[in-house]
Peer 1: 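Below: one structure in structure tokens.
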Amino acid sequence: MVSPIYIKPLLALLLLAAVVSIAVVVLRNGPQGSAPVLTANQQLPHNIDVALKKARFTEIQDGLVVWELVAERVDYDKGGDMAYLSDILMEFQGTRSHGAITVTADSGVYSSLEKTVRLKGHIHVATEDGASFKTASIVYTGATAQFSTSDPVTFRQQRLQLTAVGMNLGVKDQRARFFSSVDASIVMN
């Protein structure tokens with residue numbers, strides 16, 4: 001049996017060996033390099049908690065991907081509901097009756113509570129069958145699976161070119177409804 005006089009030093013030695021072993025494992029398996037350091041011009045705004053690069057959002061319904069959004073930069077607010085996006089690519093999966101839809105934009109705001117994506121700046125919506133929409137801002141509402149804008153819109157498909165002010169576009173049926181100042185022309189080859 002070990003003498004009681006040696007128990008405390010033996011326990012201290014075992015504890016020290018365990019700490020050294022854990023440190024070696026952490027150093028060996030930890031991240032390579034040092035953590036990034038924010039400089040004065042890279043400070044996050046006071047209402048932003050987290051900033052990410054190349055973030056990906058996905059909406060899934062009934063086990064199927066409805067849409068996927070990739071943003072070059074995402075800033076989350078302190079409340080956690082709003083994500084401020086820049087350089088956006090949003091893709092909607094095609095269905096049996098309609099093809100995929102691709103949307104690009106300069107910036108936007110995604111609300112996880114409202115399930116909306118508000119896009120601004122050089123919006124380009126393109127369908128797989130060749131329809132194309134351009135506008136300055138547009139809102140995607142997840143509850144209705146619909147895009148809407150009150151801004152001027154330019155629409156093109158094959159030989160048809162149309163301009164209007166305001167539009168709704170259903171993602172599921174890919175039907176567009178234009179509101180006012182509609183001017184359409186057919187380009188002859």
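Along the sequence shown, the residues carry numbers beginning at 1. Predicted model only: the values in this text are computed from it and were never measured.
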Peer 1: So, the side chain of Gln174 versus the backbone of Gly99: is there a donor-acceptor pair under 3.5 Å, distance only?
Peer 2: yes

Peer 1: Please tell me if the side chains of His98 and Lys172 come closer than 4.5 Å, counting only heavy atoms from C-beta onward.
Peer 2: no

Peer 1: Are the side chains of Val182 and Leu162 in contact, using a 4.5 Å heavy-atom criterion?
Peer 2: yes

Peer 1: If you look at every heavy atom in Asn168 and Ser148, which pair is closest and at what distance?
Peer 2: OD1-CB, 3.0 Å

Peer 1: Between atom OG of Ser132 and atom CD of Gln161, what is the distance when rounded to the nearest 0.5 Å?
Peer 2: 10.0 Å

Peer 1: Quick check: closest heavy atoms across Ile88 and Gly108, and the distance to 0.1 Å?
Peer 2: CD1-N, 3.4 Å

Peer 1: Do the ring planes of Phe155 and Phe178 sit parallel (below 30°), tilted (30 to 60°) or perpendicular (above 60°)?
Peer 2: tilted

Peer 1: Answer yes if Ile186 and Phe133 sit in the same cluster of Ile, Leu, Val, Met, Phe, Trp and Tyr residues linked by side chain heavy atoms under 4.5 Å apart, and no otherwise.
Peer 2: yes

Peer 1: Tell me, which pairs form a side chain to side chain donor-acceptor pair (under 3.5 Å) where one or both residues lie in residues 133-147, sequence neighbours left out?
Peer 2: Ser137-Asp151

Peer 1: Determine, stepwise, if the pair Val153 / Val165 fulfils side-chain contact (heavy atoms from CB on, under 4.5 Å).
Peer 2: CA-CA 6 Å; Val153 177; Val165 176; over 6 Å; no

Peer 1: Do you know the tightest heavy-atom contact between Val74 and Ala83?
Peer 2: CG1-CB, 3.8 Å

Peer 1: Using a strict 4.0 Å threshold on nitrogen-to-oxygen distance, state whether Glu72 and Lys53 make a salt bridge.
Peer 2: no

Peer 1: More than 12 non-hydrogen atoms from neighbouring residues, nucleotides or ligands closer than 6.0 Å to NE2 on His124, yes or no?
Peer 2: yes

Peer 1: Are Met90 and Thr104 side-chain neighbours, meaning at least one heavy-atom pair lies under 4.5 Å?
Peer 2: no

Peer 1: Any side-chain heavy-atom pair from Glu59 and Glu68 closer than 4.5 angstrom?
Peer 2: no

Peer 1: Roughly how far, to the nearest 0.5 Å, is CG of Leu169 from OG1 of Thr127?
Peer 2: 8.5 Å

Peer 1: Within this structure, what is the CE-OH distance for the pair Met82 and Tyr110, rounded to the nearest 0.5 Å?
Peer 2: 11.0 Å

Peer 1: So do Val109 and Val117 actually touch side chain to side chain, heavy atoms under 4.5 Å?
Peer 2: no

Peer 1: Without swapping roles, check the side chain of Asp173 against the backbone of Arg175 for a donor-acceptor pair under 3.5 Å.
Peer 2: yes

Peer 1: Between Tyr76 and Leu52, which heavy-atom pair has the shortest distance, and what is it?
Peer 2: CE1-CD1, 3.7 Å

Peer 1: Rounded to the nearest 0.5 Å, how far does OG of Ser107 lie from CG of Asp87?
Peer 2: 9.0 Å

Peer 1: Ring centroids only, cut at 6.0 angstrom: are Phe92 and Phe147 within range, meaning strictly under it?
Peer 2: yes

Peer 1: If you link ILVMFWY side chains whenever their heavy atoms are less than 4.5 Å apart, which other residues fall into the same cluster as Val65? By chain and number, please.
Peer 2: Ile60

Peer 1: For a quick test of reading the model, state the closest non-hydrogen atom pair linking Leu85 to Phe57 and the distance between them.
Peer 2: CD2-CE1, 3.7 Å

Peer 1: In Å, rounded to the nearest 0.5 Å, how long is the span from CZ of Arg118 to OG1 of Thr149?
Peer 2: 11.0 Å

Peer 1: When you measure from the side chain of Asp81 to the backbone N and O of Ser111, does any donor-acceptor pair fall under 3.5 Å?
Peer 2: no

Peer 1: Among the clusters formed by ILVMFWY side chains lying less than 4.5 Å apart, do Leu89 and Val139 turn up in the same one?
Peer 2: no

Peer 1: Find out if a path of hydrophobic residues (ILVMFWY) with successive side-chain heavy-atom gaps under 4.5 Å connects Val66 to Ile101.
Peer 2: yes

Peer 1: Could you check whether any side-chain N or O of Glu128 sits under 3.5 Å from a backbone N or O of Ala100, counting only pairs where one atom can act as donor and the other as acceptor?
Peer 2: yes

Peer 1: What distance do Gln93 atom CD and Glu91 atom CD have between them, rounded to the nearest 0.5 Å?
Peer 2: 7.5 Å

